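In listed order, ligands and their atoms are each counted from 1. Because the structure is a prediction, the values reported are computed rather than measured. Index from 1, following the sequence.
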Amino acid sequence: MTPTQATPRAPDDTGMAHLGQIIAVASGKGGVGKSTVSTNLALALSAQGAAVGLVDADLYGPSVPGMLGIETGKSPSMSPSGKVMPAQAHGIKVISMGMLTDDDKPAILRGPMVSKYLRMFILEVDWGTLDYLILDLPPGTGDTQLTLAQSFPLTGSVIVSTPQDVSLKIARRGIRMMEQVKVPILGIIENMSGFTCPSCGEVTHIFHHGGGAKIAESLGVPFLGAIPLDPAIVDCGDEGRPLVIAHPDAPAAAVYRDIAAILSGRVSATAGIPTPFDWHWADDASKPNPAPQPGHAGGAAEILVGLDRRDGRTLVLRWQDGHDQQIDMRDLRLACRCAACVDEMSGRAVLDPATVPLNIVPIRIWSLGNYAIGVSFSDGHQSGIYTFGHLRGMVAAEVEDV
Ligand code: ADP
């Protein structure tokens, strides 16, 4: 993964340049996984080398301290300059209503107080110099969101939704609100998108699949990715060690990292390969993009802009940064990380390479959101999910150019 580079800000007169890019994570309704997404994205950006702060702006129901194992109910210490010291957790800085004692917080928060606390969390905390400040907004499209959007120079917002129609409709409303207050939409994330079977790794779509991508397309905003429903995410949240830290190999952790990579490179980037597609390898039917888009220097390393077939057994991946990667089909099959091929607990390979035919070819290659591809092979295997991050990392397996 390439190191994160925050887009340099124009010199501003807001006095907030030290906060880096301010990204709001919003959702139309509660319980869609917004705080989980905020927390894992903040950690994934930090893992790329960025300095990251996280504001738990959900003043009424702060859940971030629990997810990060931060002690609550203790007055935070003050810096010599009289600012509030944020908590530190897994390398990121965090502030939340949950970190204040009951003496510090009012029993009821009225409108003006909400904005007073939010201003305090952003302006009166000793953040140091950040690349990103992630704001985990409370659910809904009310006062808090408007206050934030109007008071701070937000780089943009990310909308989290689940695949059910009702949730998608509400997400659409959230997008409209952000647009009205002129906050750019960085993209939509579909959470709890399909169920990852803990024993075979296969993803089953319990709800409609692809609703987030369709809404994104219809509103002309980017689709950032689909995070599978994974019971480990709940356990991690309860234990204070988010998935990207506790289970970095889980498919959902790879999606969080891919979304972080898109966000860090994408604020000005164009969208990648058009989805959905279902490409039949043998007769080349439904190939996603007959004319792959050109890559360019300065493009993101993990945005796939084109797919091609060099010969009967070599897949060509064209990345936004201009790199053309060639992968032999057998190497692709051997790199499968599904639970049938890699032991989930130990990470040891279960697949015996001797059982994979030398002449293996794909039958179909299809899109999974815009973060991964699925492949069915001629040996009958079809449960692998190859995220763009994983594919891009397959350097050793690349075919030498001839
Ligand atoms: P919100 O901030 O939108 O209210 P939370 O982030 O608190 O939602 O998540 C609500 C619940 O859903 C939590 O128990 C969390 O662990 C769980 N959750 C979030 N995302 C996923 C996922 N992809 N798979 C399984 N559980 C999830």
Does D352 have any side-chain contact (heavy atoms from CB on, under 4.5 Å) partners at least two apart in sequence or in another chain, and if so, which?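 Partners of D352 under the side-chain contact (heavy atoms from CB on, under 4.5 Å) test: A354, T355.
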
Salt-bridge present (D328, R313; N to O < 4.0 Å): yes

Quick test of your reading of the model: are K93 and D126 salt-bridged, counting only N-O distances below 4.0 Å?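 A salt bridge is absent here (no side-chain N lies under 4.0 Å from a carboxylate O).
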
Does D136 reach the main-chain N or O of T39 with its side chain, forming a donor-acceptor pair under 3.5 Å? no

Could you list the residues that satisfy ring-ring contact (aromatic ring centres under 6.0 Å, His included) with H247, not counting sequence neighbours?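 In terms of ring-ring contact (aromatic ring centres under 6.0 Å, His included), with neighbours along the sequence ignored, H247 is linked to no residue.
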
Can you sort out the partners of W279 under ring-ring contact (aromatic ring centres under 6.0 Å, His included), two or more places apart, ordered by chain and number?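 Checked W279 against ring-ring contact (aromatic ring centres under 6.0 Å, His included); matches are W281.
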
With a 4.0 angstrom cut-off on heavy atoms, strictly below it, pick out the residues next to ligand 1 and order them by chain and number. G30, G31, V32, G33, K34, S35, T36, M67, N191, M192, I227, P228, L229, D230, I233, V234

